[in-house]
2 protein chains.
Amino acid sequence: MATGRTHRPATRSRGIPEATVARLPLYLRALTALSERSVPTVSSEELAAAAGVNSAKLRKDFSYLGSYGTRGVGYDVEYLVYQISRELGLTQDWPVVIVGIGNLGAALANYGGFASRGFRVAALIDADPAMAGKPVAGIPVQHTDELEQIIGDNGVSIGVIATPAGAAQQVCDRLVAAGVTSILNFAPTVLTVPDGVDVRKVDLSIELQILAFHEQRKAGEETGQAGPEAMEGPEDTAPASPARPTATATDRKGPDGDVPAVMPA
Amino acid sequence: MATGRTHRPATRSRGIPEATVARLPLYLRALTALSERSVPTVSSEELAAAAGVNSAKLRKDFSYLGSYGTRGVGYDVEYLVYQISRELGLTQDWPVVIVGIGNLGAALANYGGFASRGFRVAALIDADPAMAGKPVAGIPVQHTDELEQIIGDNGVSIGVIATPAGAAQQVCDRLVAAGVTSILNFAPTVLTVPDGVDVRKVDLSIELQILAFHEQRKAGEETGQAGPEAMEGPEDTAPASPARPTATATDRKGPDGDVPAVMPA
DNA sequence: ATGTCTTTGTGAACGCGTGCACAAAGATGG
DNA sequence: CCATCTTTGTGCACGCGTTCACAAAGACAT
C-alpha cells in the first residue's frame with residue numbers, strides 16, 4: 001500500500017474508517033464498469049467479486065455511508081456511483097499541480113485517469129529553465145519560480161511531487177506554504193509536513209522490496225528452508241558475513257570493512 | 001498505500017508481520033543514508049525520526065529480526081543494513097521484466113531505484129511491433145511474443161505490469177503461466193491470480209481519490225459542516241440529487257437520468 | 001569493582017479491521 | 001393476503017498492529 005499518510009489521530013470523529021475509504025475507489029471503479037454496461041442493480045456478492053474483496057466487508061463498508069441497498073435485490077448501480085462519488089468528493093473539480101516533469105512526471109501528466117475522475121491538471125512545474133514553455137501532454141511546463149502564484153491563482157489544494165528525492169522536501173515545503181494541504185509523493189523520501197496536511201506516498205522501490213521478501217520466502221519454503229532468519233536452532237547464530245559488532249562503539253569504522261555488494265547508492 | 005497483496009492466510013507461520021516487512025525498506029533507506037555519512041551507530045529514537053515512525057514500533061520491528069542492538073548505545077548501522085538487506089532478499093539479484101512500455105513503462109525503466117537495490121531490468125516487453133528493437137533506457141524493447149521465452153531464459157520471478165487496464169489481466173496470466181510469482185501492477189484493474197502468486201498494486205487514481213476524500217473533509221470542517229454524510233439529524237435524509245431508487249428494480253433505466261457529471265469514463 | 005546513566009527489548013492493554021453467521025427487510029409468486 | 005426466498009445490514013468474536021511503560025542490559029566514569 002503506498003501506505004503512510006500522516007496519521008490524524010482523533011480528528012476522524014464519527015467518520016468512515018480509513019480502510020473503508022481506501023476501498024471506495026475500488027468499488028467506484030467496478031460500479032462504473034457496470035454502469036457503462038447499463039446494469040441496473042448489483043448484489044454485494046457480485047460487486048465484491050468484481051472489486052476483489054469479501055462481500056461482508058463490502059456490505060459493512062457501504063453501511064458506513066448509509067443504507068443504500070434493497071434487501072432481496074441488491075444495490076442500485078447509478079445511485080451507488082453517485083453516493084460514493086459524493087463521499088469521495090469527486091462531484092467537485094480538484095485542480096492538481098505536478099512538480100517535477102521528468103520521465104515520471106510526464107507519464108503522470110499523460111495519464112488519462114486524471115481528468116476522467118474529477119481531477120484537473122492545473123499546471124506542470126519544473127525547476128529546469130530549459131523545460132519552461134515546452135508542452136507536455138498539451139500543457140506548457142512552467143518554472144518553479146511561479147509555483148506560489150500558480151497555487152494561489154488556481155486554488156490548488158492537491159500537489160503531486162515527482163522530483164528527485166533531494167528536491168522533494170523543499171518542494172513540499174513550498175507547496176504547503178502556498179496552501180496545498182494534500183500531497184501525493186512519488187519521490188523516495190520521507191516528507192515532513194505540518195499537522196493538517198495529508199501525505200500519501202507511492203514508492204516503486206519499496207513495493208519491489210516487499211515483493212522480493214515474499215519471493216525469497218517462497219523460494220526458501222520450496223527447498224525446505226524457511227528463509228534467512230529461521231535457520232534452525234533456538235539462538236540465531238549470526239552468519240559468517242559481517243560480524244556482530246563486539247568492539248566498543250568508539251570504533252568508528254564499524255565491525256567489518258567489506259559489507260556485501262548491497263546498496264551501491 | 002498501494003496495498004492489497006493476495007492474502008496468504010496461515011502460510012506466514014512464525015514469520016515477520018506484514019506491517020513490519022512493509023517498513024523494512026524505509027529503515028533500510030534511512031540506514032543507507034547514515035552509512036554514506038559514515039555514522040557508526042544510531043539510536044532507535046534517531047532512526048525512527050529519520051524513517052518517520054514511532055521509536056517503539058521500530059524497536060519491535062527489529063526485535064522480529066533478532067536482537068541486533070546494544071543497550072545504552074543503539075544499533076550498528078552497517079550491521080543493520082546487512083541484516084535488513086538479507087531479510088528482504090536484497091543480497092541476491094532479482095531479474096525483473098516490465099511489460100507495457102508506454103509513458104509509464106518508460107519512466108519505470110529509467111528509474112534509477114531499480115538497479116541500485118538488487119533489482120535488474122532483464123527485459124522490456126511491449127505488444128506494439130513498432131516498438132520492438134527500439135531502445136528505452138538503453139535496453140531494446142522486445143515483442144510480447146517472446147514473453148515466455150524471456151521469463152524462462154532469465155529465470156524471472158518478478159514482473160511489472162504497466163499496460164493499459166484492458167490488457168493487464170491477459171498479460172498477468174501469461175506472466176504467471178511462464179513462471180512469474182510476484183507481480184507489481186500499475187494498471188487500474190483488479191488482477192486475479194492463483195494461490196502462491198503475490199500481487200501488489202500501485203494506483204495513482206485511487207491515491208488521488210483518497211486524498212480528495214480527506215481534502216473534502218477538511219474543507220467541510222472549516223465551514224462547520226462535517227462532510228457530505230454527517231448532514232445533522234439522526235436519519236440521513238437523502239439529498240435532493242439522484243432520488244433514492246423507489247421503483248421496483250425492473251425499472252432498468254435507474255432512478256434518474258441525469259446523474260451529475262461524474263465518471264465520464 | 002561498583003554505581004550511574006542510557007537505550008534496548010518486550011509484556012500488556014487497547015483499538016482497528018475482518019469475517020462469520022444470522023435476523024430483519026423486502027421482493028416475488030400464488 | 002400470506003408464504004417463501006433472496007439479500008442486506010450488523011452483532012459478535014477474533015487476530016493483527018500500535019503504543020505505553022518499564023525492567024533488564026550493557027556502556028562508561030570513578
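Sequence lines set the chain letters: A, B, ... in the order given, protein chains first and strands last, and positions in each chain run from 1. All heavy atoms count here, side chains included; hydrogens, waters and symmetry mates do not. Note that the coordinates shown come from a computational prediction; the quantities given were computed from them, not determined experimentally.
- Here the side chain of S63(B) is nearest to one of dT10(C), dT10(D), dA27(D), namely dT10(C).
- Residue V73(A) has its side chain nearest to dA27(C) when only dT18(C), dG17(C), dA27(C) are considered.
- Spacing between atom CZ of R23(A) and atom C1' of dG17(C) amounts to 8 Å, rounded to whole angstrom units.
- For Y64(A) and dT10(D), the OH to P distance is 10 Å, given to the nearest whole Å.
- Residue-level contact check: Y75(B) touches the backbone only, with heavy atoms under 4.0 Å from sugar-phosphate atoms and none from bases.
- Out of dA27(C), dG9(D), dG9(C), the shortest distance to the side chain of S67(B) is found at dG9(C).
- Rounded to an integer number of Å, the gap from OH of Y68(B) to P of dG26(D) is 16 Å.
- If you measure from atom CG of D76(B) to atom P of dT8(C), you get 13 Å, rounded to the nearest angstrom.
- Where E45(A) and A19(B) meet DNA chain D, the nucleotide closest to each residue was compared, and E45(A) sits on the side nearer the 5' end.
- Nearest-nucleotide positions on DNA chain D place R71(A) closer to the 5' end than the other of R71(A) and K60(A).
- Taking a cutoff of 4.0 Å between a charged side-chain nitrogen and a carboxylate oxygen, R29(A) and D203(B) qualify as a salt bridge.
- Between Y79(A) and Y68(A), a ring centre-to-centre spacing shorter than 6.0 Å is recorded.
- With rounding to whole Å, I16(A) atom CD1 is found 12 Å from dG17(C) atom P.
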Stepwise side-chain contact (heavy atoms from CB on, under 4.5 Å) test for E207(B) and K201(A): CA-CA 9 Å; E207(B) 300 301 324; K201(A) 102 168 98 58; over 6 Å; no
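- Atom NZ in K57(A) sits about 19 Å away from atom P in dG11(D), given to the nearest Å.
- For dT8(D), the OP1/OP2 oxygens have a side-chain nitrogen or oxygen of S44(A) closer than 4.0 Å.
- Residue T70(A) places no side-chain N or O under 4.0 Å from the OP1 or OP2 atom of dG26(C).
- Distance, L58(A) CG to dT7(D) P: 14 Å, rounded to whole Å.
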Check against side-chain contact (heavy atoms from CB on, under 4.5 Å), L211(B) and W94(A): CA-CA 10 Å; L211(B) 283 178; W94(A) 295 102; over 6 Å; no
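- Applying the 4.0 Å criterion to OP1 and OP2 of dC20(C), one finds that N54(A) has a side-chain N or O inside that range.
- Atoms CG (L80(A)) and P (dT8(D)) sit 11 Å apart, rounded to a whole Å.
- Annotation: of the two residues near DNA chain C, G72(A) and A56(A), the 5′-most nearest-nucleotide partner is A56(A).
- In this model, no donor atom of one side chain and acceptor atom of the other lie less than 3.5 Å apart for T189(A) and Q169(A).
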